[in-house]
K.L.:
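Here it is: the structure, laid out below.
Protein chains get the first letters and strands the later ones, always in sequence-line order, with residue 1 at the start of each.
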Amino acid sequence: MPIYEEIYAIARQIPVGKVATYGQIARMVAGCTARMAGYAMAALPDKTDVPWQRVINSQGKISPHGFGYGSALQRELLIAEGIRFDLNGRVDFNEFGWLDLAKYLDKED
DNA sequence: CGGCTGACTCTGG
DNA sequence: TCCAGAGCCAGCC
(Lines give C-alpha, C1' and ligand atoms only; values in the text may rest on other atoms or scores of the structure.)
Protein backbone atom coordinates (compact mmCIF):
# COMPACT_ATOMS: atom_id res chain seq x y z
CA MET A 1 0.00 0.00 0.00
CA PRO A 2 1.42 3.37 -1.04
CA ILE A 3 2.42 5.84 1.65
CA TYR A 4 -0.30 8.32 0.71
CA GLU A 5 -2.94 5.59 1.00
CA GLU A 6 -1.84 5.02 4.59
CA ILE A 7 -2.04 8.75 5.20
CA TYR A 8 -5.59 8.80 3.85
CA ALA A 9 -6.44 5.83 6.08
CA ILE A 10 -5.30 7.80 9.12
CA ALA A 11 -7.15 10.93 8.03
CA ARG A 12 -10.37 8.91 7.68
CA GLN A 13 -10.01 7.95 11.35
CA ILE A 14 -10.31 11.55 12.48
CA PRO A 15 -13.73 11.90 14.18
CA VAL A 16 -16.14 14.73 13.38
CA GLY A 17 -15.53 17.86 15.42
CA LYS A 18 -11.84 17.07 15.79
CA VAL A 19 -8.72 18.13 13.90
CA ALA A 20 -5.25 16.68 13.44
CA THR A 21 -1.99 18.10 12.15
CA TYR A 22 0.12 16.90 9.23
CA GLY A 23 2.88 16.20 11.72
CA GLN A 24 0.64 14.05 13.91
CA ILE A 25 -0.43 11.97 10.92
CA ALA A 26 3.16 11.69 9.79
CA ARG A 27 4.13 10.29 13.19
CA MET A 28 1.39 7.66 12.89
CA VAL A 29 2.50 6.49 9.47
CA ALA A 30 5.88 4.79 9.40
CA GLY A 31 8.28 6.45 6.98
CA CYS A 32 6.01 9.43 6.57
CA THR A 33 6.98 13.07 6.99
CA ALA A 34 4.90 16.16 7.65
CA ARG A 35 5.37 17.28 4.06
CA MET A 36 4.24 13.95 2.68
CA ALA A 37 1.04 14.25 4.68
CA GLY A 38 0.38 17.65 3.18
CA TYR A 39 1.33 16.54 -0.31
CA ALA A 40 -0.91 13.51 0.01
CA MET A 41 -3.82 15.77 0.92
CA ALA A 42 -3.03 18.00 -2.04
CA ALA A 43 -3.19 14.96 -4.28
CA LEU A 44 -6.72 14.15 -3.18
CA PRO A 45 -9.39 14.29 -5.92
CA ASP A 46 -12.31 16.73 -5.76
CA LYS A 47 -14.59 13.95 -4.62
CA THR A 48 -13.13 11.89 -1.81
CA ASP A 49 -14.14 10.16 1.40
CA VAL A 50 -11.12 11.59 3.17
CA PRO A 51 -11.95 14.39 5.66
CA TRP A 52 -9.01 16.49 4.47
CA GLN A 53 -10.56 19.58 6.08
CA ARG A 54 -9.75 18.13 9.50
CA VAL A 55 -6.07 18.13 8.67
CA ILE A 56 -4.26 21.39 9.43
CA ASN A 57 -0.72 22.51 10.25
CA SER A 58 1.05 22.37 13.61
CA GLN A 59 0.17 26.01 14.24
CA GLY A 60 -3.48 25.06 14.42
CA LYS A 61 -4.10 27.07 11.28
CA ILE A 62 -5.22 26.28 7.74
CA SER A 63 -2.48 26.32 5.16
CA PRO A 64 -3.06 28.79 2.25
CA HIS A 65 -3.30 26.09 -0.39
CA GLY A 66 -4.64 27.33 -3.70
CA PHE A 67 -5.80 30.88 -4.34
CA GLY A 68 -7.68 30.95 -1.06
CA TYR A 69 -10.87 29.13 -1.96
CA GLY A 70 -9.61 25.88 -0.49
CA SER A 71 -8.65 27.38 2.84
CA ALA A 72 -11.91 29.34 3.01
CA LEU A 73 -13.94 26.22 2.23
CA GLN A 74 -11.95 24.23 4.77
CA ARG A 75 -12.70 26.81 7.46
CA GLU A 76 -16.40 26.67 6.64
CA LEU A 77 -16.43 22.88 6.78
CA LEU A 78 -14.68 22.83 10.15
CA ILE A 79 -17.03 25.44 11.61
CA ALA A 80 -19.95 23.37 10.30
CA GLU A 81 -18.57 20.43 12.30
CA GLY A 82 -18.53 22.50 15.47
CA ILE A 83 -14.89 23.51 15.46
CA ARG A 84 -14.28 27.11 16.46
CA PHE A 85 -11.45 29.42 15.43
CA ASP A 86 -9.96 32.17 17.58
CA LEU A 87 -9.47 35.74 16.38
CA ASN A 88 -6.14 34.67 14.89
CA GLY A 89 -7.82 31.97 12.84
CA ARG A 90 -6.29 29.23 14.94
CA VAL A 91 -7.87 26.12 16.46
CA ASP A 92 -7.47 25.16 20.11
CA PHE A 93 -5.90 21.69 20.08
CA ASN A 94 -6.72 21.28 23.76
CA GLU A 95 -10.38 21.31 22.81
CA PHE A 96 -10.62 20.22 19.18
CA GLY A 97 -7.38 18.33 18.74
CA TRP A 98 -7.89 14.69 17.71
CA LEU A 99 -4.94 13.65 19.83
CA ASP A 100 -4.09 15.50 22.99
CA LEU A 101 -1.16 17.49 21.72
CA ALA A 102 -0.63 18.95 25.17
CA LYS A 103 0.39 15.58 26.56
CA TYR A 104 3.44 15.70 24.32
CA LEU A 105 4.42 19.07 25.69
CA ASP A 106 3.67 18.63 29.37
CA LYS A 107 1.69 15.87 31.03
CA GLU A 108 0.33 17.56 34.13
CA ASP A 109 -2.93 15.72 34.42
C1' DC B 1 16.38 7.14 -14.64
C1' DG B 2 16.67 12.49 -13.98
C1' DG B 3 14.33 16.66 -12.64
C1' DC B 4 10.46 19.40 -10.80
C1' DT B 5 6.70 20.05 -7.52
C1' DG B 6 4.21 20.26 -3.14
C1' DA B 7 -2.02 21.98 1.88
C1' DC B 8 4.96 21.09 6.40
C1' DT B 9 8.03 21.63 10.46
C1' DC B 10 11.96 23.43 12.99
C1' DT B 11 15.44 26.91 14.35
C1' DG B 12 17.30 31.56 14.76
C1' DG B 13 16.75 36.66 14.85
C1' DT C 1 4.66 37.01 17.77
C1' DC C 2 6.18 37.35 12.90
C1' DC C 3 9.64 36.54 8.97
C1' DA C 4 13.22 33.93 6.47
C1' DG C 5 15.92 29.86 5.36
C1' DA C 6 16.95 24.77 5.23
C1' DG C 7 15.65 19.80 5.20
C1' DC C 8 12.85 16.26 3.42
C1' DC C 9 10.60 12.26 0.18
C1' DA C 10 6.90 10.31 -2.78
C1' DG C 11 4.60 11.14 -7.31
C1' DC C 12 4.40 12.57 -11.91
C1' DC C 13 6.32 14.08 -16.28
K.L.:
If I take atom CD1 in residue A:Ile56 and atom C1' in nucleotide B:dT9, what distance separates them, rounded to the nearest angstrom?
P.N.:
14 Å
K.L.:
Checking contacts here: which listed nucleotide (C:dT1, B:dA7, C:dG11) is nearest the side-chain heavy atoms of A:Tyr4?
P.N.:
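Closest nucleotide to the A:Tyr4 side chain: C:dG11.
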K.L.:
Who does C:dC8 pair with, Watson-Crick or G-U, both distances under 3.5 Å?
P.N.:
none
K.L.:
Can you tell me how far the CZ atom of A:Arg90 sits from the CZ atom of A:Phe85, to the nearest 0.5 Å?
P.N.:
12.5 Å
K.L.:
I need the CD1-C1' distance between A:Ile3 and B:dG6, as an integer number of Å.
P.N.:
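Taking atom C1' of B:dG6 as the reference, CD1 of A:Ile3 is at 16 Å.
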K.L.:
Can you tell me whether the side chain of A:Tyr22 and the base of B:dA7 have a donor-acceptor pair closer than 3.5 Å?
P.N.:
yes
K.L.:
Can you tell me the distance, in whole Å, between the CG atom of A:Asn88 and the C1' atom of C:dT1?
P.N.:
9 Å
K.L.:
Given B:dC8, is OP1 or OP2 found less than 4.0 Å from the side-chain N or O atoms of A:Ser63?
P.N.:
yes
K.L.:
Is A:Glu81 paired with A:Lys18 through a side-chain N to carboxylate O contact shorter than 4.0 Å?
P.N.:
no
K.L.:
Round to the nearest Å and state the distance from A:Leu44 atom CG to C:dC12 atom P.
P.N.:
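Distance check: A:Leu44 CG to C:dC12 P gives 12 Å.
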K.L.:
Closest approach to the side chain of A:Ala42, judged atom by atom: which nucleotide of B:dG6, C:dC9, C:dT1 is it?
P.N.:
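So the nucleotide nearest the side chain must be B:dG6.
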K.L.:
Hey, does the side chain of A:Asn57 reach the backbone of A:Gly60 with a donor-acceptor pair shorter than 3.5 angstrom?
P.N.:
yes
K.L.:
Report the distance from atom CG of A:Asn57 to atom C1' of C:dC2, rounded to the nearest whole Å.
P.N.:
14 Å
K.L.:
How many Å lie between CD on A:Gln59 and P on B:dT9, as a whole number?
P.N.:
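To the nearest whole Å, that distance equals 7 Å.
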K.L.:
Give the nucleotide from the list B:dA7, B:dC10, C:dA10 with an atom nearest to the side chain of A:Met36.
P.N.:
C:dA10
K.L.:
Quickly work out the A:Ile7 CD1 to B:dC8 P distance and round it to whole Å.
P.N.:
13 Å
K.L.:
May I have the distance from A:Asp46 (atom CG) to B:dA7 (atom C1'), rounded to whole angstrom?
P.N.:
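Computing the A:Asp46:CG to B:dA7:C1' distance gives 14 Å.
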K.L.:
Checking the side chain of A:Thr48 only, and the main-chain atoms of A:Val50 only, is there a donor and an acceptor separated by less than 3.5 Å?
P.N.:
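Side chain of A:Thr48 to backbone of A:Val50, a donor-acceptor pair under 3.5 Å: yes, one is there.
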K.L.:
Can you name the closest pair of heavy atoms from A:Val19 and A:Leu78 and give their distance?
P.N.:
CG1-CD2, 4.0 Å
K.L.:
Please state whether the phosphate of B:dT9, meaning OP1 or OP2, lies under 4.0 angstrom from any side-chain nitrogen or oxygen of A:Ser58.
P.N.:
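So the side chain of A:Ser58 is within the cut-off, an N or O lying under 4.0 Å from OP1 or OP2 of B:dT9.
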K.L.:
Name the closest nucleotide to the A:Tyr39 side chain, picking from B:dG6, C:dT1, C:dG11.
P.N.:
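Output: B:dG6.
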